[in-house]
There are 2 protein chains.
Amino acid sequence: MNVSEAIQLLKDHGYKYTGKRVDMLEFLSEHDKYMSAKEILEGMKDTYPNMSFDTIYRNLALFEELEIVETTELFGEKHFRFSCTHEEHHHHFICLQCGKTRKVEICPMDHVRNELQGYSISGHKFEVYGYCNKCH
Amino acid sequence: MNVSEAIQLLKDHGYKYTGKRVDMLEFLSEHDKYMSAKEILEGMKDTYPNMSFDTIYRNLALFEELEIVETTELFGEKHFRFSCTHEEHHHHFICLQCGKTRKVEICPMDHVRNELQGYSISGHKFEVYGYCNKCH
DNA sequence: AGTTAAATCGTAATCATTCCTAATAAGAGA
DNA sequence: TCTCTTATTAGGAATGATTACGATTTAACT
């Protein structure tokens, strides 16, 4: 997934091409880490000083729906990052200081399905938290 | 962990024995599932019709600190359940309908530490979501 | 250029959680 | 049992993230 693909995806679903959406996508793409809505709004300030929270939240929700971004809950706030791969299922190590991530290759579900036979499984979450080399 | 042990733990740490705390502990213990603060307050209404949110949240935070309860985020709200074991590290399958849980024996961290050598790991989260037999 | 529906702004509303202050009650000691 | 000290609590106000809404603007199509 990159910015062009994301824009194409929006078009394919009948959504309009707007400067704000492109800017948000570029900002997300450039910053390879989990960010809060406020941080993303802050990052738009240079180009769009009056961008409203409504626009941020609405577009992020749209991006999430189209799987352009991945989300998680950190410190009681929803955080967003540009989807690092669109094809492969994966998990993350997340730095609690800077929000940067590192892919974790292993998926625990491979080992768990046997244990939960008969249950209807609709999803799972596996995240490792800590501090990256720079923040440690 | 049971109610008596929890009360003893409170005493050992210099906290007072109050009817409200005991009632909360009993309610949590009887309901073997994740519940929101509101649900727990609702459950207290019979015995303590005027119990305040402050009391609920303050005591739940205390219980969490003493590891009497386990917590997780569901549907954007913090949820609480009586700690099912105090000794062993474990994870849960969680029913998104009723909140009931089932222990998952496997911990993915056993397989992940090698992958993340050099990182400072401070925690992790692994939860499986779905619907239990009754709710399916 | 004109039309139309989507997108956006600015602000108000919502909802979970936290904070604050006066009143209450538990535990310790006399 | 009585009093004193301090933790606990009720009630309501404050906070902070997120959502909703009416008015205005703008992208996309004719």
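Below, chain A is the first sequence line, B the second, and so on; all start at residue 1.
Ring-plane geometry between B:Phe27 and B:His31 is classed as tilted, the angle between the planes lying from 30 to 60 degrees on a 0 to 90 degree scale.
Taking the six-membered ring where the residue is Trp, the centroids of B:His124 and A:His91 are separated by 6.0 Å or more. Aromatic ring centres of A:Tyr131 and B:Tyr119: separated by at least 6.0 Å.
When rounded to the nearest whole Å, the span between CG of B:Leu41 and P of D:dG11 equals 11 Å. Nucleotide C:dT24 holds its P atom 13 Å from the CG atom of B:Asn50, rounded to whole Å. Straight-line distance from the CD atom of A:Glu39 to the P atom of D:dG16: 16 Å, rounded to whole Å. Put simply, CG on B:Leu74 is 14 Å from C1' on C:dA16, counting in whole angstrom units. Regarding B:Leu60, its CG atom lies at a distance of 14 Å from the P atom of D:dT8, rounded to whole Å. Nucleotide C:dT17 holds its C1' atom 13 Å from the CD atom of B:Glu64, rounded to whole Å. The separation between A:Ile56 atom CD1 and C:dA7 atom P is 15 Å, rounded to whole Å. Distance CZ (B:Arg21) to P (D:dA7): 11 Å, rounded to an integer number of Å.
Position along DNA chain D of the nearest nucleotide to B:Tyr48 versus B:Gly14 favours B:Gly14 as the more 5'-ward residue.
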Side-chain polar contacts of residues 38-45 of chain A - donor-acceptor pairs under 3.5 angstrom, sequence neighbours left out - could you list them?
residue : atom : partner : partner atom : Å
A:Glu39 : OE1  : A:Ser36 : N            : 3.0
A:Glu39 : OE1  : A:Ser36 : OG           : 3.4

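The side-chain contact (heavy atoms from CB on, under 4.5 Å) with A:Tyr34 is formed by just one residue from the set A:Lys100, A:His79, A:Glu73; it is A:His79.
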Within the 4.0 Å limit for protein heavy atoms, which parts of nucleotides 19-30 of chain D are touched? Write it as a string from 5' to 3', B for base, S for sugar-phosphate only, - for none.
BBB-----BS--
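Under the 4.0 Å criterion applied to side-chain N and carboxylate O atoms, B:Lys103 and A:Glu115 are not assigned as salt-bridge partners.
Picking from D:dT18, D:dT9, C:dC9 the nucleotide with the shortest atom distance to the side chain of A:Met51 gives C:dC9.
Here B:Arg58 does not reach the OP1 or OP2 of C:dT18: none of its side-chain N or O atoms lies under 4.0 Å away. Contact check, B:Lys78 against C:dT17: no side-chain N or O comes under 4.0 Å of OP1 or OP2.
Around the OH atom of A:Tyr17, the shell of radius 6.0 Å holds no more than 12 heavy atoms that belong to other residues, nucleotides or ligands.
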